[in-house]
Amino acid sequence: MFIQTEPTPNPNVLKFLPGRDVATAGSREFLSADAAADSPLAEALFRLEGVTGVFFATDHVSVTRSPDVDWTSLKAPVLAAIMDHFVSGAPLMRGETPDADGHAEDDSEVVAEIKALLDSRVRPAVAQDGGDILFDAFDPESGVLSLRMRGACAGCPSSSATLKAGVEQMMKHYVPEVTRVEQVL
C-alpha cells in the first residue's frame with residue numbers, strides 16, 4: 001500500500017491519501033482523543049504524541065499536529081498508523097454513522113440553494129486543501145450565513161480570507177438573500 005501526502009494551506013495539517021475510499025458516508029472530524037473512541041483509526045492517530053486533530057474525508061485523512069511537534073518526526077508514525085489500519089481491514093467507525101450531508105426535506109428554498117452551492121462549488125475546492133466546510137445556519141432576517149470549517153480549514157490562517165473573499169462573494173452573487181458569511185467556531 002502506498003500512501004501519498006500533500007501539504008495544506010494550514011502548516012499544522014498534512015493530508016494523507018491512501019489511494020482508497022476513507023469516509024464513504026460523509027466526512028468526520030475528531031478534535032480530541034476522547035471523541036476518537038468512535039474510530040479505531042482516529043484512536044490510533046491520537047495515541048501518537050503531537051496529534052491534536054483528525055479529519056476523515058471521502059479520499060483522505062487530514063492530521064493536525066501540535067505546533068511544537070515537527071512533521072519530520074511525526075509523519076512516519078502517522079503513515080504507519082494509517083497503513084496498519086487499512087491493512088487490518090478494521091472498520092473506520094464503530095457502529096456510528098458519520099455526518100450526513102445536512103440536507104433536510106424541510107429546508108427553505110434559500111437554504112437548499114445555499115447547500116447546493118456549498119456542495120457543488122465550495123466543498124470540492126476546500127477538500128483539495130484537506131478540509132471541509134459545512135452549513136450551520138442561515139438567518140433570513142439579517143441575511144447572515146454561518147458556516148463551519150473542518151479539517152485543515154479549521155484554524156487555517158487563510159480560512160478568513162477564503163470565507164470573505166471567496167465564499168461570501170459567491171454566495172452574495174448567486175443567493176442575493178445572503179448579506180454576510182461568518183465562521184462558527
Side-chain angles (χ1 to χ4, degrees), residues 6-15 22-39 42 45-46 51-67 92-93 96-185:
E6 291 181 3
T8 71
N10 185 338
N12 293 324
V13 179
L14 198 57
K15 186 174 162 182
V22 176
T24 56
S27 63
R28 185 68 195 256
E29 184 172 45
F30 302 93
L31 300 175
S32 71
D34 291 339
D38 291 340
S39 168
L45 291 168
F46 270 102
V51 171
T52 61
V54 175
F55 176 75
F56 299 143
T58 56
D59 66 344
H60 69 271
V61 176
S62 293
V63 176
T64 306
R65 67 174 170 102
S66 172
L92 185 66
M93 303 299 297
E96 184 179 313
T97 322
D99 295 343
D101 65 2
H103 294 272
E105 290 183 25
D106 60 345
D107 282 346
S108 71
E109 189 176 317
V110 172
V111 169
E113 190 175 352
I114 289 168
K115 288 180 179 181
L117 274 170
L118 285 172
D119 288 346
S120 65
R121 295 185 174 230
V122 180
R123 293 179 83 196
V126 296
Q128 289 180 342
D129 287 337
D132 198 6
I133 187 167
L134 300 175
F135 174 86
D136 188 71
F138 175 69
D139 181 354
E141 289 182 26
S142 66
V144 174
L145 170 60
S146 300
L147 300 174
R148 189 173 305 275
M149 307 292 273
R150 295 182 8 174
C153 296
C156 176
S158 61
S159 65
S160 296
T162 299
L163 278 178
K164 291 295 177 190
V167 178
E168 183 174 273
Q169 292 304 315
M170 183 185 63
M171 286 294 171
K172 286 174 158 180
H173 177 76
Y174 288 106
V175 186
E177 292 86 352
V178 174
T179 60
R180 191 171 77 240
V181 174
E182 293 181 350
Q183 181 176 351
V184 176
L185 301 177

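Quick caveat, the model's predicted, so the values are computed rather than measured. Computed from heavy atoms alone, side chains included, the values below leave out hydrogens, waters and symmetry copies.
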Contact summary for [X] and [Y], nearest pair of heavy atoms:
{"X": "Ser146", "Y": "Val184", "answer": "CB-CG2, 3.5 Å"}
{"X": "His60", "Y": "Val22", "answer": "N-CG2, 3.6 Å"}
{"X": "Phe46", "Y": "Leu31", "answer": "CZ-C, 3.9 Å"}
{"X": "Asp38", "Y": "Arg28", "answer": "OD2-NH2, 3.1 Å"}
{"X": "Lys172", "Y": "Val178", "answer": "CG-O, 3.4 Å"}
{"X": "Leu92", "Y": "Ser39", "answer": "O-OG, 2.7 Å"}

What distance do [X] atom [atom1] and [Y] atom [atom2] have between them, rounded to the nearest 0.5 Å?
{"X": "Asp136", "Y": "Glu182", "atom1": "CG", "atom2": "CD", "answer": "10.5 Å"}
{"X": "Lys115", "Y": "Phe138", "atom1": "NZ", "atom2": "CZ", "answer": "12.5 Å"}
{"X": "Leu145", "Y": "Arg180", "atom1": "CG", "atom2": "CZ", "answer": "10.5 Å"}
{"X": "Ile114", "Y": "Phe135", "atom1": "CD1", "atom2": "CZ", "answer": "6.0 Å"}
{"X": "Leu118", "Y": "Met171", "atom1": "CG", "atom2": "CE", "answer": "4.0 Å"}

Residues two or more places apart in sequence or in another chain: which of them pass side-chain contact (heavy atoms from CB on, under 4.5 Å) with Thr52?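 Result, side-chain contact (heavy atoms from CB on, under 4.5 Å) vs Thr52: Thr64, Ser66.
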Classify the ring geometry between Phe56 and Phe30 as parallel (under 30°), tilted (30 to 60°) or perpendicular (over 60°).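 Answer is perpendicular, since the angle exceeds 60°.
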Who are the salt bridge (charged side-chain N to carboxylate O under 4.0 Å, His left out) partners of Arg65, not counting sequence neighbours?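 Partners of Arg65 by the salt bridge (charged side-chain N to carboxylate O under 4.0 Å, His left out) criterion come out as none, since no residue qualifies.
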Name of the residue among Asp132, Val61, Val13 meeting side-chain contact (heavy atoms from CB on, under 4.5 Å) with Phe55: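 Going through the options one by one, the only one that passes is Asp132.
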Qualifying residue, where the test is side-chain contact (heavy atoms from CB on, under 4.5 Å) with Leu147 and the options are Val122, Leu134, Val167: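 The side-chain contact (heavy atoms from CB on, under 4.5 Å) with Leu147 is passed solely by Val167 among Val122, Leu134, Val167.
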Using a 3.5 Å distance criterion without hydrogens, assess whether the side chain of Glu6 forms a donor-acceptor pair with backbone atoms of Lys15.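 Not confirmed, Glu6 side chain does not pair with Lys15 backbone.
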